[in-house]
Amino acid sequence: MTYVTMYALTGTVLIGVGLFGTTTCSHLLRKIIGLNVMGAGTFLVLIALARRTTDPLPDPVPHAMVLTGIVVAVSASALALALLRRYYRETGRTDLKPTLQKPRIARKDSHES
Amino acid sequence: MSLEAVFLGLIVLPLLGGCLAFLSRPLALPANLVVAVGQLICAFELARTVMAQGPLSYKVGGWDAPLGVNLYADGLTAMMLVMVAVVGGTIVLYTAGAMRSIKDDTYDQQLFWPINLLLLASLNALFLSGDIFNLYVTLELLTLSAVALIGLVGTVDALTAALRYLLVAISASLLYLLGVALLYSIYGTVDWHLLGDQIQVDQVKGDQASLLAIALIVSGLLLKTAVFPLHFWLPPAHSSAPTAASALLSALVLKASFYIILRLWFSVFPYAEFQNAGTLLTTLGVAAILWGSLQAINQTQLKAMVAYSTVAQVGYLFLVFSLASDAAVAWDAWSATVLFAVSHAVGKAAVFLAAGSLQYATGSKQIDSLAGIAREQPVTVLAFATAGVVLIGLPPSGAFVAKWLLLQSAIASGQWPLAAVILTGGVLAAIYVFRVLSLSLLRCEPRESCEPRETRPVPRLMQYATLGLAIVAITLGMMASPMMELLKVDAPFSANPFSADPVSVSTFREVAP
């Protein structure tokens with residue numbers, strides 16, 4: 001197994017772990033970390049793909065993509081963490097309660113604006 | 001005006017305006033107004049040029065692909081940009097009216113202005129993108145500004161919806177990015193024109209890596225477009241956001257990810273080989289129409305009803321994937337879908353704005369509190385009714401022309417069940433629109449039959465901006481033929497009257513990569 005394959009496989013495993021974490025954990029911080037793990041996995045796959053040719057020099061385009069991707073991921077995590085802090089301050093909870101609309105019974109009295 | 005200025009203006013103008021609006025509070029509103037006007041001029045100029053000269057391409061800074069960023073505009077792009085400019089401009093006017101007279105101390109309203117401009121900048125950049133990686137970046141920018149808009153109010157509902165939307169949208173973007181990476185590794189390009197040519201030549205059928213890439217890209221985008229059953233995040237997000245934000249999200253942001261699916265499916269992917277997948281997408285669309293409409297009928301809150309109506313209307317956009325498998329009706333189905341998207345954008349924005357005004361007037365989110373409101377708010381109820389006609393799909397709205405074409409294609413290609421669903425969807429939409437209208441037109445004789453209440457006056461600008469947008473929405477059907485002409489420029493399934501190579505508008509010296 002070459003180290004390029006190792007990178008690609010590790011990336012794939014990380015994506016799986018991240019996706020699993022994001023979908024199954026209820027703690028919001030874990031979900032955000034899951035997304036970051038997933039992102040790291042995607043970037044690893046991209047880095048491995050830069051080495052797909054026999055050319056001694058790696059392809060610079062995936063590297064440029066990874067750099068852009070990291071910037072996007074950092075800003076998204078920052079926004080998610082800021083939202084989470086605010087959410088925690090307002091509710092004292094660290095998980096999302098279901099916000100689906102309740103059926104039309106017992107809603108008559110709520111006249112909030 | 002040089003075309004280069006048009007291309008750059010559409011992206012740089014809102015971006016700079018957004019930064020300015022963020023730095024200086026007094027300049028926020030003027031910046032928004034200037035951008036709204038500038039964007040409108042640029043979008044119409046671009047549409048006019050595309051119609052006259054054919055598709056255009058622009059290499060930013062003279063750098064060619066793969067390292068440079070290529071912008072590209074054809075009929076579909078121009079149509080989407082005009083849609084953004086018209087809807088975005090009206091929302092700016094509406095919000096200006098709302099903020100001048102309504103003071104809401106629960107959150108910092110002024111933050112809407114910079115985020116709005118960043119959202120418009122990312123929308124314009126997305127529609128102009130010529131490569132699939134750039135689409136990823138703009139899609140992320142769009143998501144981040146949309147999340148910020150949803151969470152702006154800072155209530156628990158809004159924060160929950162924003163967080164849920166963010167988590168869903170980022171996972172979706174990563175799936176999309178992974179697909180892009182795989183496609184790049186197979187075909188060595190991210191430019192969607194070149195990619196389309198390569199895929200046609202190489203015949204992906206049986207190629208597992210390409211199929212996986214396409215599956216990842218499409219599933220990421222489906223999650224973002226909130227097609228049934230992936231719509232769970234949409235109703236809370238769109239109903240708890242501030243009104244102007246709801247309108248932006250439902251009208252424009254959803255169309256962006258749908259635009260990417262439509263573009264990639266018919267211009268890049270070998271759709272003819274994916275008939276089963278196309279049928280699956282259409283089935284999801286059918287389920288969305290029926291489920292979304294029934295949920296909309298079942299809602300007690302006005303904005304939640306409008307949000308579920310979006311879930312339903314998104315369904316119509318997915319009928320094309322099965323209809324286009326019949327070459328004879330493919331162009332009709334494709335152009336009808338674009339027309340429906342534009343028409344829904346304008347109509348739904350008007351409905352959301354009207355719903356927001358009514359909610360403000362009564363001070364309640366409930367539909368029941370609207371009884372007899374037409375007496376106090378005639379203009380807003382008129383706007384709601386006019387735009388409601390678009391949701392039902394009655395003439396002369398653009399949705400009518402679009403549904404008519406879809407219906408014709410469904411019948412001509414022998415897909416009868418789809419025709420039945422289109423008609424049923426219209427009836428269901430009529431039920432939820434008329435439910436609100438009949439309640440608001442209720443005459444309270446004797447007076448005691450209506451609950452006593454006090455309504456607040458709605459600022460004029462809010463009323464008339466909404467009405468104006470509703471009138472545009474309902475008259476779109478009469479403009480269908482110039483719109484179709486514009487769409488024909490470099491569209492799939494249509495004889496292209498121009499050469500296949502886009503006209504380059506770069507004035508920079510070409511730089512070898």
Side-chain angles (χ1 to χ4, degrees), chain A residues 8 11-12 15 18-19 22-23 28 31-32 34-36 38-39 41-43 45-46 48-50 52-53 59-62 64-66 68-69 71-73 75-80 82-84 86-91 93 96-105 107-108 110-113, chain B residues 65-67 133-134 136-137 140-141 143-144 147-148 151 154-157 159-164 166-171 173-175 177-178 180-182 184-186 188-190 232-233 235-237 239-240 295 298-301 304-305 307-308 359-360 362-366 368-369 453:
Chain A
T12 320
I15 293 170
L19 195 60
T22 314
T23 42
L28 280 165
K31 279 184 186 287
I32 296 169
L35 282 181
N36 275 285
M38 202 175 149
T42 314
F43 300 146
V45 170
L46 265 167
L49 292 176
R52 72 193 191 288
T53 52
D59 184 352
V61 177
M65 289 181 183
V66 169
T68 319
V71 174
V72 173
S75 3
S77 308
L79 181 60
L83 273 173
L84 172 57
R86 177 72 187 268
Y87 178 77
Y88 181 71
R89 215 167 61 209
E90 299 281 333
T91 61
R93 300 170 65 109
L96 287 177
K97 60 179 191 318
T99 54
L100 291 173
Q101 291 294 321
K102 292 195 187 71
R104 52 164 62 194
I105 25 170
R107 270 297 182 96
K108 288 268 183 191
S110 62
H111 266 258
E112 74 275 68
S113 75
Chain B
L67 285 177
F133 182 72
N134 218 1
Y136 160 74
V137 176
E140 283 287 55
L141 291 176
T143 304
L144 295 186
V147 169
T155 59
V156 175
D157 278 351
L159 288 172
T160 313
L163 265 169
R164 191 184 299 272
L166 181 64
L167 293 170
V168 168
I170 301 281
S171 330
S173 302
L174 285 172
L175 293 180
L177 178 64
L178 195 60
V180 170
L182 284 176
Y184 176 78
S185 74
I186 303 165
T189 178
V190 284
F232 56 92
W233 57 265
S239 52
S240 58
Q295 284 295 314
N298 205 23
Q299 294 306 306
T300 54
Q301 298 192 353
M305 184 205 90
Y308 269 108
Q359 185 173 315
Y360 169 73
T362 59
S364 161
K365 290 179 175 175
Q366 307 295 323
D368 291 346
S369 65
R453 54 127 190 265

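Below, each value reflects all heavy atoms present in this structure, side chains not excepted, and no hydrogens, waters or symmetry copies. Every chain is numbered from 1 and lettered A, B, ... according to where its sequence line falls, protein lines coming before strand lines.
- Contact tally against chain A (heavy-atom pairs below 4.5 Å) for B:L166, B:T155, B:V180, B:V137: the top residue is B:L166.
- Using a 4.5 Å cut-off between heavy atoms, B:Y136 touches chain A through its side chain atoms alone.
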| said: Does B:I170 form a side-chain contact (heavy atoms from CB on, under 4.5 Å) with A:M38? I'd like the steps, not just the answer. | reply: CA-CA 10 Å; B:I170 301 281; A:M38 202 175 149; over 6 Å; no
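- With chain A as the partner, the residue from B:L141, B:L182, B:L159 showing the most heavy-atom pairs under 4.5 Å is B:L159.
- Most heavy-atom pairs under 4.5 Å with chain B, from the set A:V72, A:L49, A:L28: that is A:L49.
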| Residue pair B:L167, A:I32: steps toward the side-chain contact (heavy atoms from CB on, under 4.5 Å) verdict | CA-CA 7 Å; B:L167 293 170; A:I32 296 169; 4.3 Å; yes
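- Atom CG of A:L19 is separated from atom OG of B:S171 by 7.0 Å, given to the nearest 0.5 angstrom.
- Within the model, atoms CG of B:L178 and OG1 of A:T12 stand 7.5 Å from one another, a figure rounded to the nearest 0.5 Å.
- In this structure, A:R86 CZ and B:L163 CG are separated by 11.5 Å, a value rounded to the nearest 0.5 Å.
- Between chain B and the residues A:T22, A:T23, A:V45, A:L83, the largest count of heavy-atom pairs under 4.5 Å involves A:L83.
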| request: Could you go through the side-chain contact (heavy atoms from CB on, under 4.5 Å) check for B:L177 and A:F43 one step at a time? | output: CA-CA 9 Å; B:L177 178 64; A:F43 300 146; 3.9 Å; yes
| request: Output, in order, the C-alpha distance, side-chain angles, deciding distance and verdict of side-chain contact (heavy atoms from CB on, under 4.5 Å) for B:F133 and A:T68. | output: CA-CA 10 Å; B:F133 182 72; A:T68 319; 3.8 Å; yes
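- With values rounded to the nearest 0.5 angstrom, B:Y184 atom OH is found 10.0 Å from A:L46 atom CG.
- A:E90 CD to B:D157 CG: the interatomic distance, rounded to the nearest 0.5 Å, is 11.5 Å.
- Between B:L144 and A:S75, the shortest heavy-atom distance links the atoms CD1-CB, 4.1 Å.
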